[in-house]
Amino acid sequence: MPRFTKTMMGITAGVVLSAGLIGSAAAQQNELFPLMQRWGNVEYEMQGDAQQRAFESLVKEVDALAQRYPDNAHVLTAQGVVLASYAKAKGGLGALDLAKQARKALERAIQIDPQGENGSAYVTLGALYQHAPGWPIAFGDDDKAGELLKRAVEIRPDGIDTNFYYAQYLEDQGQHAEARQYAERAVEGQARKGRASDEALRQEVRQWLARHG
């Protein structure tokens with residue numbers, strides 16, 4: 001399983017949910033937003049076994065939320081993001097079931113909200129399709145990944161994450177000049193208010209451009 005490993009760098013880096021209601025504003029403030037703030041800390045500040053344990057705890061929390069709010073696109077997108085991050089951290093065979101769960105949550109979120117949380121669900125789902133092994137091992141599909149990631153850019157053309165993940169996809173497809181164009185757009189992209197992960201991702205994009213100069 002060479003693809004679904006730690007090389008899935010940043011599969012959800014910069015993918016933080018836009019503000020929304022979970023049944024009520026109080027529920028969103030008290031449950032989902034703090035959970036995703038902790039996700040950001042785990043994603044960027046931790047590594048190794050400690051990171052995996054932290055992700056396992058977050059998965060339990062977001063799964064419980066999804067059971068309480070099974071038809072809420074905000075919660076389902078958060079569930080997909082956390083599961084995808086845990087899959088990236090875990091790697092190997094153990095990541096496949098997590099990736100499949102993430103795909104299911106994100107596809108359901110998009111079914112409920114065709115804008116996919118302002119593109120966030122499309123970014124994570126596209127990265128999953130890009131990096132997961134293909135059939136018969138898993139569901140990886142480069143063409144599907146490209147469609148999803150391009151859709152994310154269409155929804156949020158000034159996004160740091162939307163442009164960068166599409167740039168990475170294009171680079172993998174050998175479209176180096178076009179990939180650089182989207183990466184440069186990501187560097188100049190609009191950071192979302194209160195989203196520290198967007199600025200962290202902007203730094204990753206600058207490093208990526210330096211490596212691909």
Side-chain angles (χ1 to χ4, degrees), residues 4 8 10-23 27-28 31-33 35-36 39-40 43 58-59 61-88 95-135 138-170 172 182 186 189-190 192 195 197-198 201:
F4 206 86
M8 296 170 60
I11 191 171
T12 53
V15 182
V16 180
L17 305 180
S18 59
L21 299 180
I22 310 174
Q28 196 277 334
E31 297 180 80
L32 183 58
F33 186 73
L35 186 151
M36 293 310 291
W39 164 81
E43 177 78 5
L58 286 175
V59 165
E61 290 185 52
V62 77
D63 283 353
L65 270 181
Q67 289 179 8
R68 293 202 298 277
Y69 306 103
D71 297 317
N72 188 286
H74 307 294
V75 175
L76 290 168
T77 303
Q79 185 182 34
V81 166
V82 173
L83 285 164
S85 285
Y86 188 22
K88 179 195 67 174
L96 279 180
D97 186 57
L98 293 167
K100 290 175 182 177
Q101 292 176 52
R103 179 184 63 165
K104 181 178 179 180
L106 293 164
E107 288 179 341
R108 175 61 177 154
I110 291 170
Q111 182 181 27
I112 295 168
D113 170 21
Q115 292 296 105
E117 279 292 313
N118 199 23
S120 294
Y122 288 96
V123 172
T124 307
L125 187 58
L128 283 169
Y129 271 98
Q130 180 184 354
H131 294 288
W135 188 89
F139 57 87
D141 184 326
D142 285 346
D143 291 339
K144 180 71 170 179
E147 293 173 7
L148 292 163
L149 292 166
K150 185 176 181 180
R151 179 59 179 147
V153 173
E154 292 171 349
I155 292 171
R156 187 153 40 87
D158 62 349
I160 298 172
D161 57 334
T162 55
N163 282 291
F164 183 42
Y165 292 112
Y166 193 43
Q168 290 182 307
Y169 168 79
L170 292 169
D172 284 350
Y182 279 93
Q190 181 67 45
R192 289 163 290 182
R195 307 297 191 257
S197 59
D198 278 354
L201 185 59

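Since the structure is predicted, the reported quantities are computational estimates derived from the model, not experimental observations. For the single chain, residues carry numbers from 1 onward in sequence order.
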Worksheet item: What residues, two or more places apart in sequence or in another chain, satisfy salt bridge (Lys or Arg N to Asp or Glu O under 4.0 Å) together with E147?
Response: none
Item to complete: Any chance you could measure K104, atom NZ, to Q101, atom CD, to the nearest 0.5 Å?
Response: 8.5 Å
Worksheet item: Is there a donor in the side chain of Q67 and an acceptor in the side chain of D63, or the other way round, less than 3.5 Å apart?
Response: no
Worksheet, complete the sentence: CD (E31) and CE (M36) are apart, to the nearest 0.5 Å, by 14.0 Å
Discussion item. Less than 4.0 angstrom from a charged side-chain N to a carboxylate O is my criterion; do D158 and R192 meet it?
Written reply: no
Worksheet item: From Y182 OH over to N163 CG, what is the distance, rounded to the nearest 0.5 angstrom?
Response: 7.5 Å
Practice prompt. For the pair R156 (side chain) and G119 (backbone), establish whether a donor and an acceptor sit closer than 3.5 Å, ignoring hydrogens and angles.
Written response: no
Discussion item. Please tell me whether E117 and Y122 have a donor and an acceptor in their side chains that are separated by less than 3.5 angstrom.
Written reply: no
Item to complete: Verify, without hydrogens or angle tests, whether T162 (side chain) and G159 (backbone) share a donor-acceptor contact under 3.5 angstrom.
Response: yes
Worksheet entry | Audit row: D71, R108, side-chain contact (heavy atoms from CB on, under 4.5 Å) steps and yes/no | CA-CA 8 Å; D71 297 317; R108 175 61 177 154; 2.8 Å; yes
Worksheet item: How long is the gap from NZ on K100 to CG on L128, to the nearest 0.5 Å?
Response: 12.5 Å
Item to complete: Give a yes or no on whether the backbone of G134 and the side-chain of D141 come within a donor-acceptor separation of less than 3.5 Å.
Response: no
Discussion item. If the condition is side chain to side chain contact (heavy atoms under 4.5 Å, CB included), which residues does A145 pass it with, not counting sequence neighbours?
Written reply: Y129, Q130, Y169
